Every structure is written in C-alpha cells, then in structure tokens.
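Read the numbers this way: they start at 1 and go in the same order the structure lists the ligands and their atoms. Only this structure's heavy atoms are used, side chains among them; waters, hydrogens and symmetry mates stay out. Note that the coordinates shown come from a computational prediction; the quantities given were computed from them, not determined experimentally.
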Amino acid sequence: MLKTHSCGELRVKHVGEEVTLAGWVNRRRDMGGVIFIDLRDRDGKTQVVINSGHTPEGFALAEQVRSEYVLQIKGVVSKRPKGLENPNLKTGEIEVLVDEIVILNPSKTPPFRIDRDEAVDESLRLKYRYLDLRRGKMQRNLTIRHKAIKFIRDFLDERGFLEVETPILFKSTPEGARDYLVPSRVHPGKFYALPQSPQQLKQLLMVAGYERYFQIARCFRDEDLRADRQPEFTQLDLEMSFVERDDILDLIEELMIGMVQTASLVPLATEPFPRLSYRDVIERFGTDRPDLRYGMELTEISDIVADSAFRVFAENVAAGNPVKAICAPGCGSYSRKQVNELEAIAKEAGAKGLAWLAIHPETEEIRGPIVKFFKVEQLMAITERLGAGPGDLILISSDTRRVVNEVLGALRDEMARRLGFKDIKELSFCWVVDFPLFEEDMEDGHWAPSHHMFTAPKRADIPLLDTAPGQVLSEQYDLVCNGFEVAGGSIRIWERPLQRKIMELIGFSWEEAEEQFGHMLEAFEYGAPPHGGIAPGIDRLVALMAGEPNIREVMAFPKTAQATDLMSDSPSEVAQKQLDELHIAVVLSEKEE
Ligand code: ASP
C-alpha cells in the first residue's frame, strides 16, 4: 500500500507515530514559510503541515502543488496547538508534520470546486462526473446506496432467499413501456430486447422450484422523456412461492423499516405502514400515489350544497356527481391573481372552472364569487366539515367523480408545494391495495391491465370477468412514499386457463401470446406453484433516504433527461462496418438529419 492510514483515520491516540498518507489536495494555504494542505481521500481529510525550516525540499514541492494534485506524504502525527482544533473534522484534533512529500500526479484546474458542495450547472457535473463523484455529497449518497443494498442482501439472505442473475439479452417483457432492442449479428433481422424487468424469468424461477428469489436487477425502459426518469434503473426484484398478499407486504415492510434505520438520513414518519384501498386513496387524495406527510384531504360536500342556489353545484349533484373541496391553511388572503393561477392548474387537470371561499383571518368574513349563492348555515357547514378556520382558503370542484378527484389531487399537490409541506423531512410510507384489475377506460374495445398481464384477479371476483370486467379487483399492491410509487407487485396468475382468459380480455390473441410468452404458458403446465412478488425501485428509495429530489443524485453515472451520457457522449454514431455486420441500414428523416 502507498499509505499506512486513510485521511479520515488519525486521532490523538496516534500522536507521535510516523505515518504515510496519500490522497488529493483538497485545499492549500500558504502562510509564508509554512504551507497547510488538507489532504483528502474517500474516508476524510487530514491537515498536513509543511515547514520550510524542517523540510526545504518538501516545501519547494508544496509550493508547486495545486488543488486536486495527488500526493503522498510521510510525517509524524502531532496534536494541534490549543485553540486550533477543528471540531468539524474527524481528524480535527491532530495534524501531520511532513518530513517528505511526493507529487504522485499533478491535476489540471478542475472545472468546478471539489472542496465545496456549492451549486454547479448539472450538465457540467455530468460531463465531468468523475470529478463530481469526488465531492462530499456524492460520496455520501453512494455510501447510502451501498448500505441500503447491503442491508437488503443480508436481510433476504437471512430469510432463505437466493440471489439469481437473469439475462440482459432477452425478449420483450410486459411492463408496458417501449423496449430497447439489440440487433443480432448471427441471426440477421432478429433482435434481443433488454429486459424492462426480470418479470417472466422470476416467475419461471418459481416454476423451477426456487421459492424465494431476489436480484438487484438492472431494468431498461425506453419511455418518453420525463425530467426524473432514467432509461436504465435498478430494482430489488423479488418473487416468492406459496404466499398470500400479506406475506409479501409484511416482509417488504420489515425490510423497508430496517433499511431506513440502517441507511437513511431522513427518519421514518410512522410504522406500521397504513394499508389503504385504491378507492380510498383516490377519494381522499385524488391520486394512487398519496403523499401522507400532510393532510388537506379531499372532502365531499355534495349533501350540503345539493339544494343551494348555486345552480352548477345543485344540478351536478342532482345528476349523481359529487362536489368536493380541500382546505389550504393560511391561504385566505390569496389575491385574484393567485387564485387565477390555481384555476389554471385546475383546468389543466380537466376542470371547467374553480370555485373558492376565503375566510378573513380576523373578521372571519367569507369572500369569493359564489358566496352570495349560499345561506349562512350552508357556509358554516362547509367550513366545519373541512375544519377550515380564520385565514384559510377552500377550493371546490364540481364535475364527474373522476374529474373532481383529479382536479383536487392536482391542487392538493400544488398547495403542498406552496405551503412547504413537500419539504417535510420524513419518510411517510403507505401500501395501496385492491386496485382494479383493468384501467377504467377500454382501449380499442379491449381492457388494459392496470399492472401487467400476469397479475391475478381477486379469487372472489373471477366470475365478474365474464359479466363486468371493469369491476374486478386485483391482487396488485403498490408501496408509496412521500407521493412516489416506490414498489409495485402482485400475486400472479399461475393457472393457464385464467391466464388465457385475461389475455383474451386485453386483446392479446392466443397466437401472439404463444409467440411472445409461449415458454411461460407452457411452463405453467408443468406444476406452477401459487406465487407472487414485488419490485421496489432502488434509485427512488435511495434518493428519498438521502433527501435528494432527483434520482440522478444517487446514481454514479446517470443519463440526462434526454437519455444522453454527457461524459462519454452516448448514444453516438457507429462505424459503417459495425452496422453492416448487424445488417442494419440507418435511414434518417429530414427532420432528424
Ligand atoms: N415487474 C414489475 C415491475 O417492474 C413488478 C412486479 O410485478 O414484481 O413493475
């Protein structure tokens, strides 16, 4: 080794010892005759002191040294003089008096400062990711990631799980996104697909009798560009045989709690995690990814406004639709302009307009364009039901149930952002269960699975597949944290006739099914056990635990929102010879050229 200790290791007990350290120059201070260098490695920083009187050659070298030079120093650990200790540094009570210094490698001036976690343009950070990764915050984030994954592996190993790797070159998988395709050289015109998840393979491992499988699996989805999506991401992929829904929920909940306790900077809000039905969360929060760090629940007031003089409400209720509201605390003095902004958000979510009531903070007088249509008792009943008080703002939506929930869900989100509720530093998990098996709307006369086509319907609902498929509930479950879906899974269909029926309902012809999943359908004829699984998203969970808003902050080498790698400049063109070997001709449309 080129060093005897790390730069974060030395303490008062080492005083008097001769040591060798190696690392990067974090900062250098020339005090005339004495040069102080903070030498940094992944473990920490140590102050080293080069005295011109003690080592003239060393001092001459130290004068040339700049930020990010790589040095090796030999010296003696010494206690810092009284009053000069640095309590912010693990090694802050000591320094190393240098006898000898070697410049192992110089460095160009970095494009941004490594020694400070100051804001730097993200594209510059991504282009020089290897320098960005030297910075404290990134090292901290990758350490959290490592600890989380290590915890997962140990936890599952103790419970009899086997980690099995599955292929990256595989066939199209059914998560519903576009596949990344890899052309085959040896089979002209044929392609592999990169797995969107190991879904089929983990189910086949259950048929194979493995019973408890997991994998820290890389998944690939060519989805439309969104700010915080990555074309490749990591899941804890897990599958179990002979289990029921709650077995998986209990196991994953215990795993999550342990992982947060081991690795997270942000504490857990509550345990056990609430288990809420899909219907319930849609009605209360307007989304199936509810952020439970704050209230502002959607509250129905249809009965109160049904016979009001405000015709829009009265007629809507008479038609069987709801009127619902949320209360934004402390926003009662919102200006016209601010309310108009909210109305624009409501319209974007599908509303025709937005009704509101504002309660004056002192006089408690209620204002708003619709106030005149209501009797005092009706206004009192509304404020009471919403728990609204002086200074609060009530936002009201009236439309079909679906639109009302969507609109108020969007407004709840917006108000939470404006009120700072999104900055609450805790992890608020919940389970969402009892999803409908199919999406609400049919596509081209067929039902679309709300999870994927291997998700089982609830046993009791199987007869409804023939009469009212839209009402069938499934064995799907999602884990949600702070408004993000952090895991999704289900108990699977394991009998071939049922699988066939679901495929028919989603408009997958038997021939198509045979072609894409023939191997799976066949496998199900060889004694497939009842099974189910789940796949928590590692990147999002680590980002939440690190208090980072963006998953790029917890990935070593992420791509941009445009799916490019700025460091290696990929994707990039390839040599004609490579294309020829792959039997590929590239034809660009005029726009793309
Ligand atoms: N493969 C699914 C997904 O990635 C999760 C699962 O059903 O286990 O969403």
Next on the checklist: So is Gln200 touching ligand 1 or not, going by heavy atoms under 4.0 Å?
Outcome noted: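 No, Gln200 has no heavy atoms under 4.0 Å from ligand 1.
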Next on the checklist: Check contact between His452 and ligand 1, using heavy atoms of the residue and a distance below 4.0 angstrom.
Outcome noted: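 A heavy atom of His452 does come that close to ligand 1.
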Next on the checklist: Ring of Phe155, cation from Arg159 - is the NZ or CZ under 6.0 Å from the centre and inside 45° of the axis?
Outcome noted: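 Yes, Arg159 sits over the ring of Phe155.
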Checklist entry - Do Lys458 side-chain atoms and Val472 backbone N/O form a donor-acceptor pair below 3.5 Å? => result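 Absent.
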Next on the checklist: Looking at Gln196 and Ala177, would you say the former's side chain and the latter's main chain have a donor-acceptor pair under 3.5 Å?
Outcome noted: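 Pair found, side chain donor or acceptor close to backbone of Ala177.
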Smallest separation among heavy atoms of [X] and [Y], with atom names:
{"X": "Asn141", "Y": "Val542", "value": "O-CG1, 4.2 Å"}
{"X": "Ser184", "Y": "His583", "value": "O-CD2, 4.0 Å"}
{"X": "Phe438", "Y": "Leu465", "value": "CE1-CD2, 4.1 Å"}

Checklist entry - Can we say Arg289 and Asp478 salt-bridge, meaning some charged N sits less than 4.0 Å from an Asp/Glu carboxylate O? => result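 Looking at Arg289 and Asp478, the cut-off is not met.
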Checklist entry - Any Lys/Arg nitrogen of Lys501 or Asp466 sitting under 4.0 Å from an Asp/Glu carboxylate oxygen of the other? => result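 Looking at Asp466 together with Lys501, the answer is yes, because their closest N to O distance falls below 4.0 Å.
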Checklist entry - What about Gln199: any of its N or O atoms under 3.5 Å from an N or O on ligand 1? => result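 Among all N and O atoms of Gln199, at least one is under 3.5 Å from an N or O of ligand 1.
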Checklist entry - Quick check: does Ser490 get an N/O under 3.5 Å from an N/O on ligand 1? => result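 Between Ser490 and ligand 1, no N or O pair is found under 3.5 Å apart.
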Does [X] approach ligand 1 within less than 4.0 angstrom via side chain, backbone, both or neither, non-hydrogen atoms only?
{"X": "Leu238", "result": "neither"}
{"X": "Gln476", "result": "neither"}
{"X": "Gln196", "result": "neither"}
{"X": "Arg492", "result": "side chain"}
{"X": "Glu239", "result": "neither"}

Against heavy atoms of [X], which atoms of ligand 1 measure under 4.0 Å?
{"X": "Arg221", "value": "3 (C), 4 (O)"}
{"X": "Gly489", "value": "6 (C), 7 (O)"}
{"X": "Lys202", "value": "6 (C), 8 (O)"}
{"X": "Ser197", "value": "1 (N), 4 (O)"}
{"X": "Ala535", "value": "5 (C), 8 (O)"}
{"X": "Ile534", "value": "8 (O)"}

Checklist entry - Should the ring pair Phe508 and Phe517 be called parallel, tilted or perpendicular, given that the plane angle runs from 0 to 90° and is split at 30 and 60? => result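 Geometry flag for Phe517 against Phe508: parallel rings.
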